[in-house]
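Take a look at the structure set out below.
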Number of protein chains: 2
Amino acid sequence: MTRITKQRQVVLEVLSTFDSHPTADMVYDKVREKLPRISLGTVYRNLEVLAEEGLIRKLSVGNDRKRFDHDLTDHDHIRCIVCHRIDDVDFSLSTSSENLIEKEGYKILGHTMVFWGKCPDCLKLEQKIK
Amino acid sequence: MTRITKQRQVVLEVLSTFDSHPTADMVYDKVREKLPRISLGTVYRNLEVLAEEGLIRKLSVGNDRKRFDHDLTDHDHIRCIVCHRIDDVDFSLSTSSENLIEKEGYKILGHTMVFWGKCPDCLKLEQKIK
DNA sequence: GTAATTGCAAAAATTTTGCCTCATA
DNA sequence: TATGAGGCAAAATTTTTGCAATTAC
């Protein structure tokens with residue numbers, strides 16, 4: 001049985017303070033403010049456990065590092081190709097759309113959609129430079 | 001200017017023989033059958049260059065390693081959560097759907113959609129075991 | 001000729017793991 | 001008190017990079 005440890009609590013707590021989608025070591029940095037002796041390995045282990053338990057989401061957003069999201073609602077993501085920030089997008093594929101590919105023989109359990117483009121800030125900056 | 005080297009040619013050629021979506025070292029293994037002295041670094045560099053030139057696609061499909069796809073047509077992917085194989089899916093979001101999130105202030109350039117579920121083979125195996 | 005590219009090896013970056021100790025249930 | 005979890009450090013994995021030699025243009 002999984003136990004409720006101080007470390008696990010703080011990892012979960014800290015993750016929910018992010019409005020961005022942090023990597024494991026971004027979480028680690030912030031957790032250490034409260035638990036200075038925690039190890040990076042523990043943060044990795046706990047993020048993994050919490051994701052398995054469905055308390056958080058593990059994201060794969062682009063070709064970089066793993067990211068974590070405390071927001072469990074049905075939403076997708078958008079990544080800025082310039083500054084790499086990741087924002088939430090309410091737009092979400094209806095479950096009925098998932099049925100469209102049932103024909104492949106797969107049993108579809110869900111999807112991950114990531115839009116990519118340029119974020120408002122980077123667009124503004126681009127205008128200034130021109 | 002980018003040059004056409006033997007190594008670059010073979011990497012591209014070999015990639016197109018895969019109907020799966022190989023990782024860099026899967027490509028490396030197969031390229032070495034033709035060019036035994038090629039290095040893994042060269043394969044990585046060429047996959048990167050080819051992706052930049054738009055001759056191949058770099059995929060981010062799940063929380064694992066980078067994968068590469070020679071198929072440039074507009075399609076998405078589906079990953080089996082059991083055996084991790086990745087197949088193509090014809091279903092694709094219309095460009096008009098991308099416009100739905102213009103309101104976020106982002107300039108949307110594209111999207112990546114990955115469905116996940118269980119592939120036909122793993123479903124069959126599951127049935128047998130039960 | 002010259003600048004891009006290669007092979008090699010070392011380094012960097014990210015994530016996982018072994019082991020012994022500690023603490024939760 | 002039994003066992004899951006933590007801390008630490010080492011290892012594993014994946015990817016990038018510096019450099020001298022080579023090669024395409």
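Source: prediction; values computed, not measured. Chain identifiers are assigned alphabetically (A, B, ...) following the order of the sequence lines, protein sequences preceding nucleic acid strands; residue numbering begins at 1 within each chain.
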Notebook entry, point to check: Base, backbone or nothing for each nucleotide of nucleotides 18-25 of chain D, written B, S, -, heavy atoms under 4.0 angstrom, 5' to 3'?
Noted result: B----BBS
Notebook entry, point to check: In a check of side chain to side chain contact (heavy atoms under 4.5 Å, CB included) between L15(A) and each of L50(A), V27(A), V10(A), which one passes?
Noted result: V27(A)
Next item on the list: Find the distance between CG (L35(A)) and NZ (K30(A)) and round it off to the nearest 0.5 Å.
Entry: 14.0 Å
Checklist line | Heavy-atom pair with the smallest gap, counting every atom of I56(A) and L12(A) | finding: CG2-CD1, 3.6 Å
Item checked: Spacing of M26(B) atom CE relative to dT15(D) atom C1', expressed in whole Å -> 17 Å
Margin query: I need the CD-C1' distance between E53(A) and dA5(D), as an integer number of Å.
Written below: 13 Å
Item checked: Contact residues, residues 7-17 of chain B to DNA chain C [heavy atom, < 4.0 Å] -> Q7(B), R8(B)
Check: On DNA chain C, which is the earliest and which the latest nucleotide, 5' to 3', with an atom closer than 4.0 Å to a heavy atom of chain A?
Finding: dT14(C) to dA25(C)
Checklist line | Selection: residues 31-42 of chain A, any non-hydrogen atom under 4.0 Å of DNA chain D | finding: R37(A), I38(A), S39(A), T42(A)
Item checked: Pair D71(B)-H21(B), side-chain donor/acceptor within less than 3.5 Å -> no
Next item on the list: Might you work through the side-chain contact (heavy atoms from CB on, under 4.5 Å) test for K66(A) and T23(A), ending with a clear yes or no?
Entry: CA-CA 6 Å; K66(A) 292 176 187 172; T23(A) 57; over 6 Å; no
Next item on the list: Using modelled atom types only, decide if a donor and an acceptor are shared between the side chain of R8(B) and the backbone of R3(B) within a distance under 3.5 Å.
Entry: yes
Checklist line | Worked verdict on Q7(B) versus N46(B) for side-chain contact (heavy atoms from CB on, under 4.5 Å) | finding: CA-CA 8 Å; Q7(B) 288 88 340; N46(B) 276 318; 3.9 Å; yes
Next item on the list: Can you measure from OG (S16(A)) to CG (D69(A)) and round to the nearest 0.5 angstrom?
Entry: 11.0 Å
Check: Looking at R65(A) and D25(A), does any basic side-chain N land under 4.0 Å from a carboxylate oxygen?
Finding: yes
Next item on the list: Round to a whole Å and report the spacing from NZ of K66(A) to P of dT15(D).
Entry: 12 Å
Note to self: Would K6(A) and I38(A) count as a side-chain contact (heavy atoms from CB on, under 4.5 Å) here? Give the steps.
What the structure shows: CA-CA 10 Å; K6(A) 192 69 193 163; I38(A) 199 173; over 6 Å; no
Notebook entry, point to check: Does any pair with a residue in residues 31-47 of chain B pass salt bridge (Lys or Arg N to Asp or Glu O under 4.0 Å), and if so which ones, sequence neighbours excluded?
Noted result: E13(B)-K34(B), D29(B)-R32(B)
Next item on the list: Please report, rounded to the nearest Å, how far the P atom of dT14(D) is from the CZ atom of R67(B).
Entry: 11 Å
Item checked: Closest approach of Y28(B) to S39(B) (non-hydrogen atoms, all atoms of both residues) -> CE1-C, 3.7 Å
Next item on the list: Send over the distance from D25(B) CG to dT15(D) P, rounded to a whole Å.
Entry: 8 Å
Check: Would a distance-only check, ignoring hydrogens and angles, find a side-chain to backbone donor-acceptor pair under 3.5 Å from H70(B) to F18(B)?
Finding: yes
Item checked: Estimated bend of the helix from dG1(C)-dC25(D) to dA25(C)-dT1(D) (axis per five terminal pairs, rounded to 10 degrees) -> 40°
Next item on the list: Check the surroundings of atom CG in L72(B): do more than 12 heavy atoms from other residues, nucleotides or ligands lie under 6.0 Å from it?
Entry: yes
Next item on the list: Would you give the length of the straight line joining atom OG of S20(B) to atom CZ of R67(B), rounded to the nearest 0.5 angstrom?
Entry: 7.5 Å
